[in-house]
Amino acid sequence: MAPATWTCPQDGTENPAAERRCLVCRHPNLPRVVVLRAAATGKEAVLTESVKFGRAVFAHRFADPDAVFAAELQFEIVRDEARVAWVVRPLPGAVNPTCYNGTPIGPAGVELADGGVISVSRSKLRLQVRFKKN
């Protein structure tokens, strides 16, 4: 069960869980770490900043045999302070669509949620999203 509140690391204020920013200082309530786990191999990548993903990452980091379905640069994961969310955005030039939970992603991207799945062409190169607070 999710906590009903979160404590702002900036000023210690207790905030309702639904608030994306501290009610006092406006500090964003964003997980510090995103972990992506490859469904095919179980290998993980730990992200603390924005990263671009493509064929080489799928082939070497995740050792996914379906890496050939990814473009040289397929998508990026961005820590978006304005939206107060981690966002996945497709990169131009990818032949196969980048999807989130089975739905193709538009240019503006989609906010990631704990347990969500990023994939290429709905079913290839599936990466499950997990958040860590620190």
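Throughout, residue positions are numbered sequentially from 1 according to the sequence presented. All values below come from the heavy atoms of this structure, side chains included, with hydrogens, waters and symmetry mates left out.
The two residues Arg126 and Ser119 come nearest to each other via the heavy atoms CG-CB, 3.9 Å. For Lys43 against Ala63, the heavy-atom pair with the smallest separation is CE-CB, 3.8 Å. In terms of heavy atoms, Asn96 sits closest to Ser121 at CB-OG, 3.1 Å. Considering every non-hydrogen atom in both Pro31 and Lys132, the closest pair reads CB-O, 3.8 Å.
Under a 4.0 Å N-O distance rule, the pair Glu81/Arg79 qualifies as a salt bridge. Arg20 has a carboxylate O that lies under 4.0 Å from a charged side-chain N of Glu111, or vice versa, which qualifies the two as a salt bridge. Ionic pairing of Arg61 and Glu44 is not present here: no N-O contact between side-chain nitrogen and carboxylate oxygen is shorter than 4.0 angstrom. Contact check on Arg55 versus Glu72 returns no salt bridge, with no Lys/Arg side-chain nitrogen under 4.0 Å from an Asp/Glu carboxylate oxygen.
Under the 4.5 Å side-chain criterion, counting only non-hydrogen atoms from C-beta, Phe131 is not in contact with Val33. In this structure, Ile77 and Val87 have side chains that are not in contact, with every pair of non-hydrogen atoms separated by 4.5 Å or more. Contact annotation: the side chain of Arg130 approaches that of Asp114 to within less than 4.5 Å [non-hydrogen atoms, C-beta and beyond]. Side-chain contact between Ile118 and Val129 is present, with heavy atoms from C-beta onward closer than 4.5 Å. Side chains of Pro90 and Pro97 form no contact here, defined as non-hydrogen atoms less than 4.5 Å apart. Side-chain contact between Ser50 and Glu76 is absent, with no heavy atoms from C-beta onward closer than 4.5 Å. You'll find the side chain of Gln128 stays beyond 4.5 Å of the side chain of Leu36, heavy atoms only.
Judged by distance alone, the side chain of Thr41 and the main-chain N or O of Phe62 form a donor-acceptor pair under 3.5 Å. Checked by atom type and distance alone, the side chain of Glu19 never pairs as donor or acceptor with a backbone atom of Pro16 at under 3.5 Å. For Arg21 (side chain) and Arg26 (main-chain N/O), a donor-acceptor pair under 3.5 Å exists by modelled atom type. Checked by atom type and distance alone, the side chain of Asn15 pairs as donor or acceptor with a backbone atom of Leu23 at under 3.5 Å.
In this structure, CH2 on Trp6 lies 4.0 Å from CG on Asn29, to the nearest 0.5 angstrom. To the nearest 0.5 Å, atoms CG (Asp66) and OG (Ser123) are separated by 8.0 Å. Interatomic distance, Thr98 OG1 to Phe75 CZ, rounded to the nearest 0.5 Å: 6.0 Å. One finds the CG atom of Asn101 at 7.0 Å from the OG1 atom of Thr103 (value rounded to the nearest 0.5 Å).
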Review point. When you look at Leu30 and Trp86, which way does the side-chain contact (heavy atoms from CB on, under 4.5 Å) test go after all the steps?
Key: CA-CA 8 Å; Leu30 267 171; Trp86 284 91; 3.9 Å; yes
Exercise for review: Evaluate the criterion side-chain contact (heavy atoms from CB on, under 4.5 Å) for residue pair Cys8 and Cys25; output intermediate values, then yes/no.
Suggested key: CA-CA 9 Å; Cys8 178; Cys25 73; 3.6 Å; yes
Point to revise | From CA spacing to verdict: side-chain contact (heavy atoms from CB on, under 4.5 Å), Cys22, Asp11 | key: CA-CA 9 Å; Cys22 175; Asp11 65 16; 3.5 Å; yes
**Study point:** Working for side-chain contact (heavy atoms from CB on, under 4.5 Å), residues Thr48 and Arg32
**Key:** CA-CA 6 Å; Thr48 57; Arg32 292 180 182 209; over 6 Å; no
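Under the 30°/60° scheme for interplanar angles, the aromatic rings of Phe53 and Phe58 are found to be tilted.
Connection of Val51 to Leu73 is not established within any shared hydrophobic cluster, with ILVMFWY side chains joined at heavy-atom distances below 4.5 Å, either directly or through further cluster members. Put simply, Leu47 and Leu112 are part of the same group of oily side chains (I, L, V, M, F, W, Y) that touch within less than 4.5 Å, one to the next. Residue Leu91 is not grouped with residue Ile105 when hydrophobic side chains (ILVMFWY) are merged at heavy-atom distances under 4.5 angstrom, including chains of intermediate members.
A side chain to side chain contact (heavy atoms under 4.5 Å, CB included) with Gln74 holds for exactly one of Leu125, Val57, Val120; it is Val120.
The cationic atom of Lys124 (NZ for Lys, CZ for Arg) lies less than 6.0 Å from the six-membered ring centre of Phe69 and within 45° of the ring axis.
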